[in-house]
Amino acid sequence: MSVPDTQVVVVGGGQAGLAAGYYLRRQGLDFVILDAQATPGGAWQHTWNSLHLFSPAAYSALPGRLMPPQVGEEYPDAEHVVSYLRDYEKRYDLPIERPVRVAGVHRDGELLRVQTDSGTWRAQAVISATGTWWRPFLPAVPGRAAFGGEQLHTVEYRNPGDFAGRRVIVVGGGNSGAQIAADLAYDTELTWATQRPPRFLADDIDGRALFDAATARRRALDAGRTDTGGVASLGDIVAVPPVREARDAGLLKASPMFVRLDRDGVVWADGTRAPADVVIWCTGFRPTLSHLAPLGLRGPRGHIPTADTRALAEPRLHLLGYGDWTGPASATLIGVGRPARDAAREIAGLLRA
Ligand code: FAD
């Protein structure tokens, strides 16, 4: 066999990549983490200013190290998460190369060749942990191109001051939509459009309960019992304090989804119109997988078929942190540890076989 540069390449150095590194080290494997960002923190470096976690610090930890509480905040803000991740990678001395963007992962005989914008790595296995933030999803609503105002996605929104006094349409009934609508409710002329009436979780439910629900669902499915419905059975929107305040002040009233846009605004099925200056699409994300295209693994809905984290058609590749399809609650800080541990363990088994 030709000699690899390292045993495992981890693509992505956000929380999922770091959790992978923690367990690869414990397995005694040689590895490198390649991250496209110039600085630590993954997507948390780019979120809107008022974003806070939907769980307390104690329920937002990666393996091995608790997140310290943030003084004066029950739910830490994104900056606190970035500093936690920065400390985490330093504490465990994780071998991270930045900024390095992986362009493609290719089969190369018994190895996988990882082509980057600064050289090539050849490895026996790859863990892809590139998140979803980098692939915003925009629905195909008629007239989108005709709209004369400004359009942006969640990933571009920073703070309400940028939109003061303007007529803003926020689209989306998930957590991002609710939080951004709450942020804008005081200083803009806001319309919040959602596909179905917003489903707020009970005020005393936060990310802890979501994690418990995802875990209970996985246990039920593993044991062959009835699907509990997981997180979706509880509701869509965590009533974090700013959302609760705006809702209780009567400022978070949702309209049904409009059917099209025109030059001046949005139009509902019954012909009602709302003129608008800005439309903010809080309509979600898709997994960032284009670097895996050379492997030809894509299945239905753009996902790569997996057994837990392992790609079914390429056992040297694991996918980590993209959502429940790569492990229950794996797209959360507290949830990514377990699938990371299992992926590292499986890779160690494969390389020792
Ligand atoms: P990312 O943080 O996106 O990290 C991936 C890294 O890979 C990035 O640094 C990226 O630059 C890099 N990368 C991408 N492509 C390449 C490439 N080709 N080559 C090299 N590097 C690459 N979770 C919680 O636990 N609690 C919360 O309260 C919470 N709130 C959230 C709020 C919002 C608005 C969103 C969107 C998510 C939230 N999440 C929350 C979910 C999740 O924790 C975050 O999305 C988190 O950032 C996911 O981490 P990750 O490591 O999977 O991806």
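Both counts, for ligands and for their atoms, begin at 1 and track the order of listing.
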Notebook entry, point to check: How close does the nearest protein non-hydrogen atom get to atom 11 (O) of ligand 1, and which residue and atom is it?
Noted result: Gln37 NE2, 2.9 Å

Item checked: Atom indices of ligand 1 within 4.0 angstrom of Ala36 heavy atoms, with elements -> 11 (O), 20 (C), 21 (N), 22 (C)

Item checked: Ligand-side contact atoms (ligand 1) for residue partner Gly14, heavy atom cut-off under 4.0 Å -> 4 (O), 6 (C), 51 (O)

Item checked: Heavy-atom nearest neighbour in the protein, as seen from atom 3 (O) of ligand 1, with distance rounded to 0.1 Å -> Trp134 NE1, 2.9 Å

Note to self: Are there over 12 heavy-atom neighbours, none belonging to Glu79, within less than 6.0 Å of that residue's CD?
What the structure shows: no

Next item on the list: Decide whether an N or O pair under 3.5 Å exists between Trp133 and ligand 1.
Entry: no

Next item on the list: Determine whether Met257 and Leu138 fall in the same hydrophobic cluster, where Ile, Leu, Val, Met, Phe, Trp and Tyr are linked whenever their side-chain heavy atoms lie under 4.5 Å apart.
Entry: yes

Notebook entry, point to check: How far is atom 7 (O) of ligand 1 from its nearest protein heavy atom, and which residue and atom is that?
Noted result: Gly12 CA, 3.2 Å

Note to self: Regarding ligand 1, does Leu320 bring an N or O atom to under 3.5 Å of one of the ligand's N or O atoms?
What the structure shows: no

Note to self: Tell me the protein heavy atom at minimum distance from atom 53 (O) of ligand 1, and give that distance in Å.
What the structure shows: Gly131 CA, 3.4 Å

Next item on the list: Check whether any N or O atom of Ala43, backbone or side chain, sits under 3.5 Å from an N or O atom of ligand 1, and answer yes or no.
Entry: yes

Margin query: Counting only heavy atoms from other residues, nucleotides and ligands, does the tally under 6.0 Å from CZ of Arg338 exceed 12?
Written below: no

Next item on the list: Kindly indicate, with the supporting measurements, whether the criterion side chain to side chain contact (heavy atoms under 4.5 Å, CB included) is fulfilled by Gln124 and Glu110.
Entry: CA-CA 7 Å; Gln124 290 167 283; Glu110 287 167 325; over 6 Å; no

Check: Between Arg98 and Glu89, is the closest basic N to carboxylate O distance under 4.0 Å?
Finding: yes

Notebook entry, point to check: Identify the closest protein heavy atom to atom 18 (N) of ligand 1: which residue and atom is it, and at what distance?
Noted result: Val102 O, 3.0 Å

Note to self: When you compare the side chains of Ser60 and Tyr84, does any donor N or O come within less than 3.5 Å of an acceptor on the partner?
What the structure shows: no

Margin query: Strictly inside 4.0 angstrom of atom 45 (O) of ligand 1, do you find any protein heavy atom?
Written below: no

Check: Could an N or O of ligand 1 be found under 3.5 Å from any N or O of Gln15, whether backbone or side chain?
Finding: yes

Notebook entry, point to check: Within less than 4.0 angstrom of ligand 1, does Trp48 place any heavy atom?
Noted result: yes

Check: Under 6.0 Å from the CD atom of Glu73, do we count more than 12 heavy atoms belonging to anything else shown?
Finding: yes

Notebook entry, point to check: Within 45° of the ring axis of Phe137 and under 6.0 Å from its six-membered ring centre, is that where the NZ or CZ of Arg286 lies?
Noted result: yes

Check: Near Phe285 CZ, under 6.0 Å, is it more than 12 heavy atoms from other residues, nucleotides or ligands?
Finding: yes

Notebook entry, point to check: So is Ala129 in contact with ligand 1, going by heavy-atom distances below 4.0 Å?
Noted result: yes

Note to self: Quick check: Ala331 and ligand 1, any N/O pair under 3.5 Å apart?
What the structure shows: yes

Item checked: Any N or O of Gly42 closer than 3.5 Å to N or O of ligand 1 -> no

Note to self: Considering non-hydrogen atoms of the protein only, which is the closest contact for atom 20 (C) of ligand 1, and what is the distance?
What the structure shows: Val100 O, 3.3 Å

Margin query: Which of the numbered atoms in ligand 1 are under 4.0 angstrom from any heavy atom belonging to Gly321?
Written below: 52 (O)

Next item on the list: Could you list which atoms of ligand 1 come closer than 4.0 Å to a heavy atom of Leu53?
Entry: 26 (N), 27 (C), 28 (O)

Notebook entry, point to check: Backbone or side chain, does any N or O of Ala16 fall under 3.5 Å from an N or O of ligand 1?
Noted result: yes

Next item on the list: Give a yes or no on whether the ring-centroid distance for Trp134 and His46 is below 6.0 angstrom.
Entry: yes

Checklist line | Cation-aromatic face contact Arg25/Phe31, 6.0 Å, 45 degrees | finding: no

Next item on the list: Scan the protein's non-hydrogen atoms and note whether one is under 4.0 Å from atom 37 (C) of ligand 1.
Entry: no

Checklist line | Verdict with reasoning, Trp192 to Val171, per side chain to side chain contact (heavy atoms under 4.5 Å, CB included) | finding: CA-CA 6 Å; Trp192 181 30; Val171 185; over 6 Å; no

Margin query: Counting non-hydrogen protein atoms only, what is the nearest one to atom 28 (O) of ligand 1? Give residue, atom name and distance.
Written below: Phe54 N, 2.8 Å

Checklist line | Close aromatic pair by centroid cut-off 6.0 Å: Trp325 and His303 | finding: yes

Checklist line | Cationic N near anionic O, under 4.0 Å, Glu189 to Arg166 | finding: no

Next item on the list: Please could you name the atoms of ligand 1 that Ser176 approaches to less than 4.0 Å, counting only its heavy atoms?
Entry: 34 (C)

Note to self: Going by the closest heavy atom to atom 9 (O) of ligand 1, which one wins out of Asp35, Val238, Ile33, Thr288?
What the structure shows: Asp35

Notebook entry, point to check: Under 3.5 Å, is there a donor-acceptor pair between the side chain of Thr120 and the main chain of Gln115?
Noted result: no

Checklist line | Numbered atoms and elements of ligand 1 in range of Leu34, under 4.0 angstrom, heavy atoms | finding: 20 (C), 21 (N)

Checklist line | For atom 31 (C) of ligand 1, the protein heavy atom that lies nearest, with its residue and separation | finding: Trp44 CH2, 3.8 Å

